2 protein chains.
Amino acid sequence: MSDEQIRNMEQFASVSGISRPTVSKYFNDPSSVRKSTRDRIEEALEEHDFRPNVYAMNQNRRLTKTIGIVVPYLADPFFGEIARVIERRCIEAGFTPHLFSSHGEVALENEILDGLRSLKPAGVLLAPLGRLSDKSAIETFCKYVPTVLFDSNIEGMGEAFVGSDNHSFVSQTVEYLSRTGEPPCFFEMRNPANPNANKRRHAYLTMMERLSLEPNVIKIDGEGWAFEEIGRQGGLKLLAEKSLPTDTVLCSNDRLAIGLLSACYEAGVRVGRSAGCDLRVASHDDHPYARFTCPPLTTAAHDYNAVSDQSFETLYRLIESGGRFDGRTESLYPARLIMRESA
Amino acid sequence: MSDEQIRNMEQFASVSGISRPTVSKYFNDPSSVRKSTRDRIEEALEEHDFRPNVYAMNQNRRLTKTIGIVVPYLADPFFGEIARVIERRCIEAGFTPHLFSSHGEVALENEILDGLRSLKPAGVLLAPLGRLSDKSAIETFCKYVPTVLFDSNIEGMGEAFVGSDNHSFVSQTVEYLSRTGEPPCFFEMRNPANPNANKRRHAYLTMMERLSLEPNVIKIDGEGWAFEEIGRQGGLKLLAEKSLPTDTVLCSNDRLAIGLLSACYEAGVRVGRSAGCDLRVASHDDHPYARFTCPPLTTAAHDYNAVSDQSFETLYRLIESGGRFDGRTESLYPARLIMRESA
DNA sequence: ACAGGAATTTTACGCGCGTAAACTTTTTAT
DNA sequence: ATAAAAAGTTTACGCGCGTAAAATTCCTGT
């Protein structure tokens, strides 16, 4: 590596013996220049390790190579994992991902969207807060920025939605549970923030009807994103009151189930499907910690990779199409039942 | 809000009746202009909602208002939580935080640092991977960018380090455990990625010696960041071989402990401090899930807020000081023992 | 009312690169 | 070999804002 510092593309172009506009083309898309020139540039690149100024690059470009990724709550390992896979796809495709977390707050979600607009990203992958989201803020945002929603759907927002097929999740768990024991009651938050929760309740009710079983929805109190604690408190209350209607509980999501299992342990209720157990608990999501609960949690797993890949692919097509699709598409991925000890 | 779109600061300045350089000053630091002008600008701002072009702003600035935050593994809720608090501090202080996760990979850590350099951030808060980190890459990075290390220390790197006092963590748990029952053995990974792990082992050995007790370090196999699974496999092996030397296990960190508790449950080993239990398990970190394990985990808690605040404060002072401190400082925060059921 | 300093305006330049147009060279196809 | 097409070069302009210097206006205290 040479000692003299290259300060701008002009200087770099001259030391590499190529004109600046061509070098500019190269950095925009290496495959857009002839192989022989590409080689010369890359040779010079190893010599002088020059990187074009990000700000100057993007300031006067029609479209940046930036992709925004917004998740509602990054302390949830589920989103940590999704973000990881999506980031990787972006980088592989030559984009620069920018990751944001709303941390469960509408104000922050709006701030992020605001800031994102001034980043002028090529596109945005948005997993909104859900019920709490400021619909009109998101709608306005989507008007200016090509956006694909994922994980949680808000009707009509964004050019497409990619998520999991909640009916597939619930139908598998309900079918399995009612086939192998008492039919499940459904354990959820009274005012779920996430729209998936509503879809899951509906799917539960539909499935129970189809199986000619009596549905039973248990709604527990609590607000916010501390689902485990909410599940735990709700569980403790139910167990103390002995008001569980069946010996089989299907939780809306794994984080609630983690709290419920903790409550069961504390209350001395044995959870599991083997003989001598008092209660079966199952759930949905296959949270990264679901396999470490006591007992390990039977759950319906997301196809993390499929959702991540499809989210990015859809956004990529959207960007290529100039930011608009003809119609809003929804891609839903089915679940895979993961049988563990809890049910 | 007016219908005519403001395209640049020039136009905004004219509609607000202020000169462009003054408007520029305002956006750089609102308190740097007279209150009367500030009011006029903010009035116009409500009318036309103009935001200066980020790229043009930063391109020709001595110092951007960007702060980079790098964590080793974002799917770990511990870092999710820390990132949340730090991001908030940055925003409050008028900076724009950019969050990155190395996802446990050196190559990615290096890429992030590379990309960060071209972002020309005012400063960076870096929680390195640790043992796996490319020391020379980090050293080079720190030469160009004012950097404060946090969570995991690499000797001599960065202008300062802010983290937890591992001795405080371990001394409290060891003291408590040996006072209330059999002295603990120490449960850790054979090749821990995180330097805190080494400090904790040393602290354990020191404490045991001080208490005139026989130390016993158990090293389990496994690589990577799937600590829970590593802890679980290690635990299953130990329990099957019945090779645990004492009935009290102190884990290096909570994620290992979560795995170990899962193994205990599977093996039918009753964990807890009450009568009739086979094993006591304690640990360090107060992971967000530690209170939901079965039984809830006795652990030594980080002062999350103090570490986050101090990290940001230190970086802020560093930026104000022009990017260099006279000497490298290390701020260590003590732990708080959290007694739960597991020990 | 006035001096003195602070704040603002004017003027002017440059940052580093995208991009367009016209021209020249190289490659590909006939 | 020759024309057509593709790729590269030259030249030139502009993006939106930071920033510096000089001129002007404003505010504060007396």
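Throughout, protein chains are lettered first and strands after them, A, B, ... in sequence-line order, and every chain is numbered starting at 1. Everything quoted here is computed from the prediction, not taken from an experiment.
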Colleague: Assuming nearest nucleotide by heavy-atom distance, tell me which of B:Arg7 and A:Lys25 is located more 5' along DNA chain D.
Modeller: A:Lys25
Colleague: Scan nucleotides 20-30 of chain D nucleotide by nucleotide, 5' to 3', and note B when protein non-hydrogen atoms come under 4.0 Å of the base, S if they reach only the sugar-phosphate, - if neither.
Modeller: S-----SS---
Colleague: Is A:Glu159 paired with A:Arg328 through a side-chain N to carboxylate O contact shorter than 4.0 Å?
Modeller: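 No.
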Colleague: Looking at residues at least two apart in the chain, or sitting in another chain, which of them share a ring-ring contact (aromatic ring centres under 6.0 Å, His included) with B:Phe12?
Modeller: B:Phe50
Colleague: Please tabulate, for the side chains in residues 110-125 of chain B, all donor-acceptor contacts under 3.5 angstrom to protein atoms that are two or more places apart in sequence or on a different chain.
Modeller:
residue, atom, partner, partner atom, Å
B:Asn110, ND2, B:Asp134, OD2, 3.3
B:Asp114, OD2, A:Arg51, NH1, 3.3
B:Ser118, OG, B:Gly115, O, 2.8

Colleague: For the residue pair B:Tyr73 and B:His103, what are the closest heavy atoms and their distance?
Modeller: CD1-C, 3.8 Å
Colleague: With a 4.0 angstrom cut-off to heavy atoms of chain B, pull out the first and last contacting nucleotide of DNA chain C, in 5'-to-3' order.
Modeller: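 Footprint of chain B along DNA chain C, 5' to 3': C:dA7 to C:dG16.
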Colleague: Tell me the interatomic distance from A:Asp29, atom CG, to D:dA7, atom C1', rounded to whole angstroms.
Modeller: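 A:Asp29 atom CG is separated from D:dA7 atom C1' by 14 Å.
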Colleague: Using the salt bridge (Lys or Arg N to Asp or Glu O under 4.0 Å) rule, collect all pairs that involve residues 9-23 of chain B, keeping only residues at least two apart or in two chains.
Modeller: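 Listed by first then second residue: B:Glu10-B:Arg20.
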Colleague: Please check the phosphate of D:dG8 (OP1 and OP2 only) for any side-chain N or O of A:Thr37 closer than 4.0 Å.
Modeller: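 The answer is yes; a side-chain N or O of A:Thr37 sits under 4.0 Å from OP1 or OP2.
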Colleague: Taking side-chain contact (heavy atoms from CB on, under 4.5 Å) as the definition, give me every residue that meets it alongside A:Ala127, ordered by chain and number, with sequence neighbours left out.
Modeller: A:Pro72, A:Phe79, A:Phe150, A:Asp151
Colleague: Any chance CG of A:Asp326 has more than 12 other-residue heavy atoms, nucleotides or ligands included, within less than 6.0 Å?
Modeller: no
Colleague: Considering heavy-atom distances to DNA chain C, does B:Ser19 or A:Arg51 have its closest nucleotide positioned more toward the 5' end?
Modeller: B:Ser19
Colleague: Select base, sugar-phosphate, or nothing to describe what B:Tyr26 touches, counting heavy atoms under 4.0 Å on all strands.
Modeller: nothing
Colleague: Between B:Gln59 and A:Thr22, which residue's closest nucleotide on DNA chain D lies nearer the 5′ terminus?
Modeller: A:Thr22
Colleague: Check this for me, if you would: do A:Glu42 and A:Lys35 make a salt bridge, where the nitrogen-to-carboxylate-oxygen distance has to be below 4.0 angstrom?
Modeller: no
